[in-house]
Amino acid sequence: MTLTPDAIQVWRLGPLTINATLVVTWALMTLLVGAAAVIGRRLRREPPLRPGQHVLEILYTFLRDHVRDIARQDPEPYLPFIGTLFLFILAANVAGAIPGVPAPTASIATTTALALAVFLAVPVYGIRRLGVRTYLGGYLRPSPLMLPFNVIGELSRTLALAVRLFGNLVSTSVIVAVLLTVTPFLFPAVMNAFGLLIGVIQAYIFTVLAIVYIASGSERQRRRQTGRREEP
């Protein structure tokens with residue numbers, strides 16, 4: 001039983017290896033970009049609206065309301081990044097429910113890359129909101145001696161985000177694989193549906209955590225600068 005798509009080699013030439021993670025990831029990105037381009041060219045302001053536009057508007061409203069409720073800020077600046085993150089993770093998890101297609105998010109490399117994207121988004125959005133001086137100055141509060149501890153705290157949050165997504169997806173894949181091995185003819189459809197449901201939930205959880213981390217990053221720096229104690 002293969003626990004990670006990194007172990008599945010698709011093509012190899014000397015030291016260069018292309019595994020299933022890369023193949024499925026690039027296929028999903030191509031599919032998402034192509035679908036966005038096709039739907040984007042056919043957007044209409046008045047009915048009748050095409051089904052693809054209905055889906056996009058529902059997704060946009062869903063993410064916008066969640067960002068507003070969680071971050072307590074204007075959701076518009078966050079939506080391009082958060083929407084892309086959610087769509088990719090959702091597509092990757094759903095693809096994993098297709099027989100013979102491994103989920104890229106079952107690779108620690110993929111989940112680490114996603115967590116690093118969130119990690120980099122925290123200072124980017126924080127600087128946009130507070131300015132360079134105010135945001136970076138927060139790392140020196142309440143004392144310059146706190147600089148290494150504040151940086152370590154940011155890094156540990158990023159590591160936790162990557163390990164959480166990887167661990168949840170891999171554990172789900174293992175459970176489904178074991179159950180299918182034990183009862184291959186009784187519950188395959190149920191187990192596939194279970195895996196699909198968990199994949200959707202994990203995409204939602206990761207997106208919510210990303211919203212919390214990004215929005216709280218600038219708020220945390222603002223609290224440090226103003227001398228207010230951070231809420232637990």
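The figures that follow rest on heavy atoms only: side chains count, while hydrogens, waters and symmetry mates do not.
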Could you give me the CA-CA distance, side-chain angles and deciding distance for Phe88 and Leu114, then say whether side-chain contact (heavy atoms from CB on, under 4.5 Å) is met?
CA-CA 10 Å; Phe88 174 76; Leu114 293 171; 4.0 Å; yes
Step-by-step side-chain contact (heavy atoms from CB on, under 4.5 Å) determination, Leu63 to Tyr78
CA-CA 10 Å; Leu63 292 176; Tyr78 301 100; over 6 Å; no
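Taken to the nearest 0.5 Å, the CD1 atom of Ile214 stands 4.5 Å off from the CZ atom of Phe81. Atom CG of Leu209 is separated from atom OH of Tyr213 by 5.5 Å, given to the nearest 0.5 angstrom. Separating the CG atom in Leu90 from the CD1 atom in Ile201 is a distance of 11.5 Å, to the nearest 0.5 Å. Atom CZ of Arg64 is separated from atom CG of Asp69 by 10.5 Å, given to the nearest 0.5 angstrom.
Residues passing the side-chain hydrogen bond (donor to acceptor under 3.5 Å, both in side chains) test with Thr110: none are found, sequence neighbours excluded. Residues passing the side-chain contact (heavy atoms from CB on, under 4.5 Å) test with Gln53 are Leu43, Arg44, Leu49, Glu57, sequence neighbours excluded. With sequence neighbours left out, Leu56 forms a side-chain contact (heavy atoms from CB on, under 4.5 Å) with Ile39. The side-chain contact (heavy atoms from CB on, under 4.5 Å) test applied to Arg72 returns no partner, not counting sequence neighbours. Val132 pairs by the side-chain contact (heavy atoms from CB on, under 4.5 Å) definition with Ile127, Leu136, not counting sequence neighbours. Here Arg128 pairs with nothing under the salt bridge (Lys or Arg N to Asp or Glu O under 4.0 Å) rule; sequence neighbours left out. With sequence neighbours excluded, the residues satisfying salt bridge (Lys or Arg N to Asp or Glu O under 4.0 Å) with Asp65 are Arg68.
Cluster membership check: Leu59 does not share its hydrophobic cluster with Leu31, using side-chain heavy-atom separations under 4.5 Å among Ile, Leu, Val, Met, Phe, Trp and Tyr. Linking Ile, Leu, Val, Met, Phe, Trp and Tyr whenever their side-chain heavy atoms come within less than 4.5 Å puts Tyr60 and Leu87 in one cluster. Under the 4.5 Å side-chain heavy-atom criterion for ILVMFWY residues, a single connected hydrophobic cluster contains both Leu79 and Tyr204. Val55 and Phe62 are not part of a single hydrophobic cluster, where members link through side-chain heavy atoms under 4.5 Å apart. Under the 4.5 Å side-chain heavy-atom criterion for Ile, Leu, Val, Met, Phe, Trp and Tyr, Ile89 and Met29 are members of the same hydrophobic cluster.
For the pair Ala92 and Leu28, the tightest heavy-atom approach, listed with the atom from each and the gap, is CA-CD1, 3.5 Å. Of all heavy-atom pairs spanning Pro80 and Thr84, the tightest one is O-OG1, 2.8 Å. Across Val118 and Ala210, no two heavy atoms sit closer than the pair CG2-CB, 3.9 Å.
Within the structure, side chain to side chain donor-acceptor pair (under 3.5 Å) contacts touching residues 22-34 (residues at least two apart or in different chains) do not occur.
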